[in-house]
Amino acid sequence: MKSPNSKSPNFYESVYAVVKKIPKGKVTTYGHIALLLGNPRAARAVGYALNSLKKDRESKIPWQRVINRQGRISFKGDTFRAELQKKILHTEGVFFDLGDDQLDFGKYGWFP
DNA sequence: ATCGTGACGAACG
DNA sequence: CCGTTCGCCACGA
């Protein structure tokens, strides 16, 4: 066994696992992922985990399906990344057509 | 081990 | 309504 006594799996892996479960055409929020992990307050940590994704990993994990509670992309300064995310979601059939770059959670939201 | 940081969220004025 | 502040959690140096 590699790690017989690893009591808690890396938070990152848990986040990735949940993100992978998000069906195409749907999106969820950082806070909800944290909630699924059992830490509704760990939204920041979730964002931190996705930020730690490497390029190689990005192609395996649908990070673009995770947005903030406001129904929009929340990047701080990486506008380039934000535009990319928006573009990918557009390809998957998700549109920010509520105005002001907001999307309708009632239509695209995935909150199991 | 302590400090600072960050793709958040909710509350406050 | 808007902008701002505080709290939350995990990770790296």
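Values below: every heavy atom of this structure, side chains too, minus hydrogens, waters and symmetry copies. Labels below follow one simple rule: chain letters A, B, ... track the order of the sequence lines, proteins then strands, and each chain is numbered from 1.
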### Message
Would F11(A) and Y48(A) count as a side-chain contact (heavy atoms from CB on, under 4.5 Å) here? Give the steps.
### Response
CA-CA 10 Å; F11(A) 207 80; Y48(A) 198 86; over 6 Å; no
### Task
I would like to know whether V27(A) and I67(A) meet side-chain contact (heavy atoms from CB on, under 4.5 Å); could you show each step before the answer?
CA-CA 7 Å; V27(A) 296; I67(A) 61 180; 3.9 Å; yes
### Message
Show every side-chain hydrogen bond (donor to acceptor under 3.5 Å, both in side chains) that has at least one partner inside residues 82-97 of chain A, sequence neighbours left out.
### Response
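Of all non-adjacent pairs touching residues 82-97 of chain A, those that pass side-chain hydrogen bond (donor to acceptor under 3.5 Å, both in side chains) are Q64(A)-E92(A), R65(A)-E92(A), K86(A)-D101(A).
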Send over the distance from [X] [atom1] to [N] [atom2], rounded to a whole Å.
X: R57(A); N: dA7(B); atom1: CZ; atom2: P; result: 19 Å
X: Q70(A); N: dA7(B); atom1: CD; atom2: P; result: 15 Å
X: Y12(A); N: dG6(B); atom1: OH; atom2: P; result: 12 Å
X: F111(A); N: dG9(B); atom1: CZ; atom2: C1'; result: 13 Å
X: R69(A); N: dA11(B); atom1: CZ; atom2: P; result: 12 Å

Could you pull out all donor-acceptor pairs under 3.5 Å where a side-chain atom in residues 35-45 of chain A meets a protein atom, sequence neighbours excluded?
none

### Task
Report which part of the nucleic acid N68(A) touches: base, sugar-phosphate, or nothing (heavy-atom distance under 4.0 Å, all strands).
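Sugar-phosphate, backbone atoms only, no base.
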#### Entry: Touch class at under 4.0 angstrom, heavy-atom based, for Q85(A) against every strand present
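Base contact.
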### Query
Are F105(A) and F111(A) near enough that their ring centres are under 6.0 Å apart?
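Distance test on ring centres: under 6.0 Å, yes.
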### Query
Could you walk me through whether V15(A) and Y30(A) pass the side-chain contact (heavy atoms from CB on, under 4.5 Å) check?
CA-CA 9 Å; V15(A) 173; Y30(A) 304 96; over 6 Å; no
### Segment of DNA chain C, first to last nucleotide, that comes within the 4.0 Å heavy-atom reach of chain A
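Going 5' to 3' along DNA chain C, contacts run dG7(C) to dC11(C).
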Using atom names, set out every protein N or O paired with an N or O of nucleotides 2-5 of chain B below 3.5 Å, distance rounded to 0.1 Å.
none

Donor-acceptor pair, side chain of [X] and main chain of [Y], under 3.5 angstrom:
X: D104(A); Y: G106(A); value: yes
X: Y16(A); Y: A49(A); value: yes
X: T28(A); Y: W110(A); value: yes

### Query
For I61(A) and L53(A), which heavy atoms make the closest approach, and how far apart are they?
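Minimum heavy-atom contact is CD1-CD2, 3.5 Å.
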### Task
Could you check if a side-chain atom of I73(A) sits within less than 4.5 angstrom of a side-chain atom of N68(A), using non-hydrogen atoms only?
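The answer is no, as the side chains (C-beta and beyond) never meet within the 4.5 Å cut-off.
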### Task
Using a cut-off of strictly less than 4.0 Å between a heavy atom of the residue and any atom of DNA chain C, enumerate the qualifying residues of residues 17-38 of chain A by number.
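When residues 17-38 of chain A is checked for heavy atoms under 4.0 Å from DNA chain C, there are no hits whatsoever.
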### Query
Listed in order of residue number, which residues of residues 39-46 of chain A have a non-hydrogen atom at under 4.0 Å from DNA chain C?
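Within this stretch, N39(A), R41(A), A42(A), R44(A), A45(A) sit under 4.0 Å of the strand.
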### Query
So how far is it from R57(A) CZ to Y12(A) OH, rounded to the nearest 0.5 Å?
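That separation rounds to 11.5 Å.
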### Task
Hey, could you give me the CZ/CG distance between F75(A) and L84(A), rounded to the nearest 0.5 Å?
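So the gap between those two atoms works out to 8.0 Å.
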